[in-house]
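Just so we're clear, the structure is a prediction, and the values are computed from it rather than from any experiment.
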Amino acid sequence: MRSTPHKALGAGALTVAVVAALVLPGTPAAARTATAPAACTPAQIVGNGGFESGTSPWSTSSGTVITSRPGQTAHGGSSYAWLDGVGRTHTDTLSQSVTIPAGCDTATLTFWLHIDTAETTSSTAYDKLTAKIGSTTLATYSNLDKNTGYVRKSIDVSAYAGQTVSLSFTGTEDSSLQTSFVLDDIALDSSGGTAPPPGDTTRTPAAPSYTVNLSSDTSGTEWTGHESVTFTNASATALNEVYLRLWDNYHGTCDAMPIRVGNVTGGTAEAPTVDCTALKVGLPAPLAQGQSATIGFDLGITVPSGADRFGHDGAYSFIGNALPVLAVHDGDGWHLDPYTNNGESFYSLAADFKVTLDHPSGLLVPATGTSTDTPGSSGRTVTTATASKVRDFAWAAGPFTKVSGTSSAGVAVNVYSVSGISSSSAQSMLSTAKTAVDAHAARFGAYPYGELDAVIDDNYWFGGMEYPGFVLDVVSSTALTHEIGHQWWYGVVGDDEYNGPWLDEAFTDYATDLALGKTGANCWNSVSWASADEKITDSMAYWDAHSSRYSTVVYGYGKCALHDLRRVLGDTAMAQLLKDYATAHWYGVSTTAEFKAAAQAATSTDLTSFWTQHRIDG
């Protein structure tokens with residue numbers, strides 16, 4: 001959803017006990033037997049992953065690999081693993097044997113990696129770090145991946161459930177110019193969902209309705225209050241639990257969580273998992289098909305420093321993905337994918353929100369949905385935002401400068417600018433937003449979210465990010481047109497962003513090209529695949545391990561494939577296909593298989609070879 005890959009920051013405060021355990025959907029084939037599968041015991045498997053307890057159980061090539069010596073710094077604590085960095089032909093190794101529990105839906109390897117190098121090339125990988133499990137290479141990094149600080153890596157190793165394997169890291173240097181590969185806080189987390197069983201393809205819990213009341217401090221960086229959600233079980237299988245996604249806990253730690261949930265009613269909360277971004281709430285009794293339930297909880301939000309989709313740039317706070325939302329259960333089980341900082345993990349069903357935000361009157365508070373302001377207590381204002389059939393809710397708070405207008409089709413558009421954005425830039429962005437919202441609506445269906453708010457800050461290093469009726473953007477007509485395109489592709493037509501990111505990013509970049517008059521002529525001619533495993537339809541688990549290729553393939557190759565499809569079908573048929581497809585999936589969820597079927601139905605040409613050529617699987 002962002003125009004470019006991005007990085008996150010951390011902050012927060014702890015209010016509940018936590019256990020870090022990463023959970024992903026799906027059941028390994030080895031766990032499916034004629035008898036009852038082994039029960040999953042959630043666990044963090046790596047021993048001494050922070051290297052604070054000496055060397056055991058690690059095996060190393062030398063006594064200096066695990067160290068606290070000067071020259072590098074730890075990600076946490078005082079010790080770390082330092083591979084290579086000697087500036088001559090050299091190999092360092094770090095390994096330990098791990099047993100991944102059987103019966104778990106997911107096992108995810110995470111680690112923090114810092115790379116510094118004296119190499120000056122921008123094209124040749126002279127020095128390399130290889131991460132392996134057993135004999136399988138999980139990822140390779142090199143001097144080309146140098147960075148100024150630590151970067152978190154996340155790799156799905158669920159296929160090894162029930163096995164004892166060696167987890168290893170090998171660093172190799174050539175004959176000159178050092179490269180240091182510094183590892184810390186290595187973890188391998190396993191867990192799994194329990195109900196309903198994976199065979200039930202119905203998406204549930206359905207028709208969520210959220211009611212939120214929050215009050216901010218004077219700066220708009222601390223919010224406290226209460227949230228409740230009412231939902232219905234659409235599945236024929238009873239629900240024994242639900243999960244809340246506390247996405248922004250990625251931006252802190254389990255010891256200092258930016259999103260704090262307490263005093264849960266309507267169910268029993270367990271310790272959060274998936275880096276504390278998933279909170280299981282056991283229901284007091286099984287919820288049968290068609291029955292509804294409500295859970296409620298106290299909520300605290302601490303906005304960290306930084307111009308990110310969740311962060312504050314000085315006096316301006318941007319609060320995306322901060323409200324806990326229900327996870328989805330479908331044919332793949334509970335979707336409890338980890339947060340990805342390279343793109344998006346979000347997958348949620350269309351819901352209704354009523355959010356009341358009590359804040360100092362000096363702060364403007366743009367938000368998802370349609371907002372009204374009423375006077376609060378002395379010097380404060382109460383902003384009430386209501387939104388129907390949206391997948392999330394976001395807001396901002398700060399002393400913004402606001403300009404407003406109405407598109408030719410009648411959509412109210414507001415542009416909120418931080419200090420430093422000129423009035424001419426704000427007006428230009430307002431003009432772009434009005435043109436873009438009408439252009440996309442003409443192609444895919446009327447804009448359904450009432451008003452549209454754009455919050456502009458040139459310090460967003462990620463380019464742009466969208467939420468329903470609310471986008472963050474730098475001063476860029478292309479980026480803003482892209483983020484507004486997401487109001488249809490992921491907003492109206494939803495998808496599982498972690499497992500099928502092309503369904504929103506490629507479609508939105510294609511829509512952006514059309515809105516800007518670009519035809520994508522010959523763009524497929526520049527396609528060059530990095531490996532046989534690289535596909536437009538790869539999941540974020542793949543792209544997190546191959547982050548430098550994410551934008552090139554998902555955005556670039558993805559939209560080029562859609563341009564090529566238009567040339568196969570013809571302009572008129574392609575336009576009708578996308579409009580009909582959006583209508584058929586309005587407030588629903590798109591899958592690759594469904595889109596391929598719709599495209600095939602729109603032409604007498606057999607598209608089998610087209611999908612193969614363009615590496616669109618599913």
Side-chain angles (χ1 to χ4, degrees), residues 1-5 343 432 435-445 463-464 466 473 476-493 495 497 500-530 534-538 543 548-582 585 590 592 594-596 598-603 605-618:
M1 294 209 167
R2 301 188 179 198
S3 299
T4 58
T432 293
T435 299
V437 73
D438 285 354
H440 294 315
R443 288 186 172 89
F444 310 124
E466 88 298 339
D473 223 294
S476 165
S477 60
T478 300
L480 185 58
T481 301
H482 174 97
E483 303 308 331
I484 292 174
H486 274 305
Q487 301 301 311
W488 284 264
W489 302 106
Y490 182 67
V492 172
V493 181
D495 65 281
E497 293 180 288
W502 90 287
L503 288 166
D504 53 278
E505 294 299 359
F507 281 61
T508 295
D509 240 23
Y510 174 77
T512 301
D513 273 6
L514 297 183
L516 298 178
K518 299 178 181 179
T519 65
N522 300 317
C523 67
W524 193 259
N525 294 348
S526 63
V527 167
S528 176
W529 300 105
E534 189 171 85
K535 301 177 180 67
I536 289 173
T537 47
D538 280 332
W543 299 120
S548 65
R549 297 288 293 168
Y550 170 60
S551 292
T552 297
V553 178
V554 173
Y555 290 69
Y557 297 179
K559 75 174 179 182
C560 287
L562 292 173
H563 280 299
D564 277 4
L565 182 62
R566 173 171 52 83
R567 282 181 270 274
V568 172
L569 271 58
D571 291 357
T572 300
M574 182 67 167
Q576 192 63 50
L577 165 65
L578 289 180
K579 193 160 192 174
D580 290 348
Y581 190 78
H585 292 79
S590 169
T592 297
E594 289 171 338
F595 177 72
K596 288 171 67 175
Q600 185 60 76
T603 180
T605 300
D606 186 347
L607 295 177
T608 301
S609 62
F610 179 91
W611 306 127
T612 300
Q613 176 194 356
H614 293 82
R615 298 198 182 188
I616 296 174
D617 290 352

Any side-chain heavy atom of Arg443 within less than 4.5 Å of one from Leu578?
-> no
Value for OG1 (Thr508) from CG (Asp513), rounded to nearest 0.5 Å, stands at 11.5 Å
Got a second to check how far Lys559's NZ is from Cys523's SG, nearest 0.5 Å?
-> 7.0 Å
Tightest non-hydrogen contact, residues Ala530 and Glu534, listed as N-OE1, 3.0 Å
Go through the structure and list residues passing salt bridge (Lys or Arg N to Asp or Glu O under 4.0 Å) with Arg615, not counting sequence neighbours.
-> none
When every non-hydrogen atom of Met574 is compared with those of Leu562, the smallest separation belongs to CE-O, 3.5 Å
Output all residues satisfying salt bridge (Lys or Arg N to Asp or Glu O under 4.0 Å) with Asp580, sequence neighbours left out; order by chain, then residue number.
-> none
Taking the side chain as every heavy atom from C-beta outward, state whether Val492 and Phe444 have any atom pair closer than 4.5 Å.
-> no
Thr432 side chain near Thr481 side chain, heavy-atom distance below 4.5 Å = yes
Please round to the nearest 0.5 Å and tell me the distance separating atom CG of Asp509 and atom NZ of Lys518.
-> 9.0 Å
Heavy-atom side-chain proximity of Leu565 to Leu607 below 4.5 angstrom | yes
Does some side-chain heavy atom of Val553 sit less than 4.5 Å from a side-chain heavy atom of Ile536?
-> yes
Identify the two heavy atoms, one from Asp473 and one from Glu483, that lie closest to each other, and give their separation to 0.1 Å.
-> OD2-CG, 3.1 Å
State, yes or no, whether a side-chain contact exists between Arg566 and Asp571 at a heavy-atom distance under 4.5 Å.
-> yes
Rounded to the nearest 0.5 Å, how far does OG1 of Thr435 lie from NE2 of His440?
-> 10.5 Å
Using the ring of each side chain (for Trp, its six-membered ring), is Trp489 parallel, tilted or perpendicular to Phe507, with breaks at 30° and 60°?
-> tilted
Between atom OG1 of Thr592 and atom CG of Leu503, what is the distance when rounded to the nearest 0.5 Å?
-> 4.0 Å
Without swapping roles, check the side chain of Gln487 against the backbone of Val437 for a donor-acceptor pair under 3.5 Å.
-> no
Any donor-acceptor pair under 3.5 Å from Asp538 side chain to Lys535 backbone = yes
Parallel, tilted or perpendicular, as decided by the 30° and 60° cut-offs, for the rings of Trp611 and Phe595 = perpendicular
Can any side-chain N or O of Thr612 pair as donor or acceptor with the backbone N or O of Thr608 at less than 3.5 Å?
-> yes
Go through the steps for His585 and Ser590 under the test side chain to side chain donor-acceptor pair (under 3.5 Å), then give the verdict.
-> CA-CA 7 Å; His585 292 79; Ser590 169; 5.2 Å; no
Kindly give the heavy-atom pair with the smallest separation between Trp488 and Gly445, and that separation in Å.
-> NE1-O, 2.8 Å
Polar side-chain atom of His563 near backbone of Tyr510 as donor-acceptor pair, under 3.5 Å = no
Exam field: side chain Thr552 to backbone Arg549, donor-acceptor pair closer than 3.5 Å | no
Would you check if the distance from the ring center of Trp529 to the ring center of Tyr557 is below 6.0 Å?
-> yes
Quick one: pull up OG1 in Thr512 and NE2 in His486 and give me the separation to the nearest 0.5 Å.
-> 7.5 Å
What's the shortest heavy-atom distance between Ala561 and Ile616, and which atoms?
-> CB-CD1, 4.1 Å
Distance-minimising heavy-atom pair for His614 and Asp564 | NE2-OD2, 2.9 Å
